[in-house]
There are 2 protein chains.
Amino acid sequence: MPKLGMEPIRKAALVKATIVEIGRAGSLDVTVSQIAKRAGMSSALAHHYFGGKEALFIAAMRHVLSLYGAEVRGALLGAATPAARITAILQASFSATNFRREVVGAWLNFYVLAQTAPEAKRLLAIYQRRLRSNLLVGLRPLAGERARDLADGLGALIDGLYLREVLKDGAPDGAAAVACARAYLNAHLKECPL
Amino acid sequence: MPKLGMEPIRKAALVKATIVEIGRAGSLDVTVSQIAKRAGMSSALAHHYFGGKEALFIAAMRHVLSLYGAEVRGALLGAATPAARITAILQASFSATNFRREVVGAWLNFYVLAQTAPEAKRLLAIYQRRLRSNLLVGLRPLAGERARDLADGLGALIDGLYLREVLKDGAPDGAAAVACARAYLNAHLKECPL
DNA sequence: TTTTTTGTTGATTGACGAGTCAATAAACTT
DNA sequence: AAGTTTATTGACTCGTCAATCAACAAAAAA
């Protein structure tokens, strides 16, 4: 009993299921059937709507990225001062959301895919530019000329801290990562620490 | 015409071929046959010596890690002062070797595998501990109490910078990464910069 | 020399999976 | 009412691949 207008609903369900399955497997080694089953439909329908596995992965990444973007924007809403902006970005980056198994799996496999899939590389570049630009808005009033270099270093530090939190034994500790990133900035901004 | 004592030779060839194939594919999605072919033997022999694909991957990782370890040790040989030790570690970490396609592929997939394969996680932990310990030897004379926190932050920064260099468009620039890591330290060690 | 150990492969098995297609059905259009 | 578009699936094709095995070859041991 087909209802019309299913396309966006099915697509959303498939994207979600893709992320969950990648999280469960820890890799891109998941079958379209698994994904479709979790999304409550036949694998043929997944092919119908996405055309192939790769498109499904790309869509899933886009979704993870947009979730993260929304979280950052939300955190920035209540940030009045430059220092508060930086803090907001750090907290959004190390929020519990980003430590969920599915999100971790998506990110790590995202990196792998970015080596070979141009679209994945493009998405990653967009994420990095946006992060950099967000950091710069906060850093320029605090660091002036040095803001650019600081933002680059801080961006890399965020990625590195995330990687370590995510791969270490035991539960990840976002607060520790935030503290470490803060220390990085405070060392560079001894005049006016965060 | 079987010669005796082939086992170590075959194993080494397989490990090397595994790394090359992972680099070519950019993922762990490589077949035992591909690997065996590149190593100049039948896939059956690969199974004979390693028992399965996973063992092959683990052995490949171990090899990459041991190469890196050797490079660091080599660089540390000529390092007389604490500051020189840090510089040596940074340069070894961002050497051209580590930016070769195969090595990059190995590392990124290593991270993915570490999510689910305990042995991979163990190896990664060993690498991180060793890096930390190496950094500490250099940092303690320079930073005293703060050495621990500095080493943790610097370790994460190294990983993050590597990730960014490796995934950006264009050729990776190890020198820039070294400079950025140096700036991190100098900001914390304003009394006695590197 | 017979036996055992080591090295080696072609062929095979058994399973799985991506993508296609024909068919079915409900909903809109004319 | 007839035709078109959208939704949906089971069954199928075609390919791939990990792992196994029987068998063969040569060196070492007995």
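In what follows, chains carry the letters A, B, and so on, assigned in the order in which the sequence lines appear, proteins first and then strands, with residues in each chain numbered from 1.
You'll find that the side chain of A:Leu4 is closest to C:dA27, out of C:dT9, C:dT20, C:dA27. Among D:dT6, D:dG10, D:dT8, the nucleotide with an atom closest to any side-chain atom of A:Leu45 is D:dT8.
A close approach under 4.0 Å does occur between a side-chain nitrogen or oxygen of A:Arg10 and OP1 or OP2 of D:dT8. For C:dT6, neither phosphate oxygen OP1 nor OP2 lies less than 4.0 angstrom from any side-chain nitrogen or oxygen of B:Tyr49.
Of all heavy-atom pairs spanning A:Glu102 and A:Val20, the tightest one is CG-CA, 3.9 Å.
Nearer the 5' end of DNA chain C, as judged by each residue's closest nucleotide, is the contact made by B:Gly5, out of B:Gly5 and B:Ser43. Sequence order on DNA chain C of the closest nucleotides to A:Ala44 and B:Ala44 puts B:Ala44 first from the 5' end.
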All N/O contacts under 3.5 Å from nucleotides 12-18 of chain D to the protein, with atom names and distances to one decimal?
residue : atom : partner : partner atom : Å
D:dA18  : OP1  : B:Lys53 : NZ           : 3.0
D:dA18  : OP2  : B:Val32 : N            : 3.1

When the side chains of residues 33-40 of chain B are checked against the rest of the protein, which donor-acceptor pairs come out under 3.5 Å, sequence neighbours left out?
residue : atom : partner : partner atom : Å
B:Arg38 : NE   : B:Glu21 : OE2          : 2.4
B:Arg38 : NH2  : B:Glu21 : OE2          : 3.1

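For the pair A:Glu7 CD and D:dA7 P, the interatomic distance rounds to 6 Å; values are reported in whole Å. Regarding B:Met6, its CE atom lies at a distance of 18 Å from the P atom of D:dA25, rounded to whole Å. When the C1' atom of C:dT8 is taken as reference, atom CD1 of B:Ile9 falls 14 Å away, rounded to whole Å. Here C:dC16 presents its C1' atom at 14 Å from NZ of A:Lys37, a figure rounded to the nearest Å. As a whole-Å value, the separation of B:Leu14 CG from C:dG7 C1' is 13 Å. When the P atom of C:dG7 is taken as reference, atom CE of B:Met41 falls 12 Å away, rounded to whole Å.
Here the side chains of A:Leu124 and A:Lys121 are not in contact, with every heavy-atom distance at 4.5 Å or above.
Here B:Phe50 lies out of heavy-atom contact (under 4.0 Å) with every strand.
Side chain of B:Ser93 to main chain of B:Ile89: a donor-acceptor pair is present (N/O by atom type, distance under 3.5 Å, no hydrogens or angles).
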Derivation of the side-chain hydrogen bond (donor to acceptor under 3.5 Å, both in side chains) call for A:Asp159 and B:Tyr162: CA-CA 10 Å; A:Asp159 289 356; B:Tyr162 181 74; over 6 Å; no
Salt bridge (charged side-chain N to carboxylate O under 4.0 Å, His left out) between A:Glu7 and A:Arg10, intermediate numbers included: CA-CA 5 Å; A:Glu7 178 158 354; A:Arg10 294 301 202 186; over 6 Å; no
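A:Ser95 meets the side-chain contact (heavy atoms from CB on, under 4.5 Å) test with A:Glu71, A:Thr97, A:Asn98; sequence neighbours excluded.
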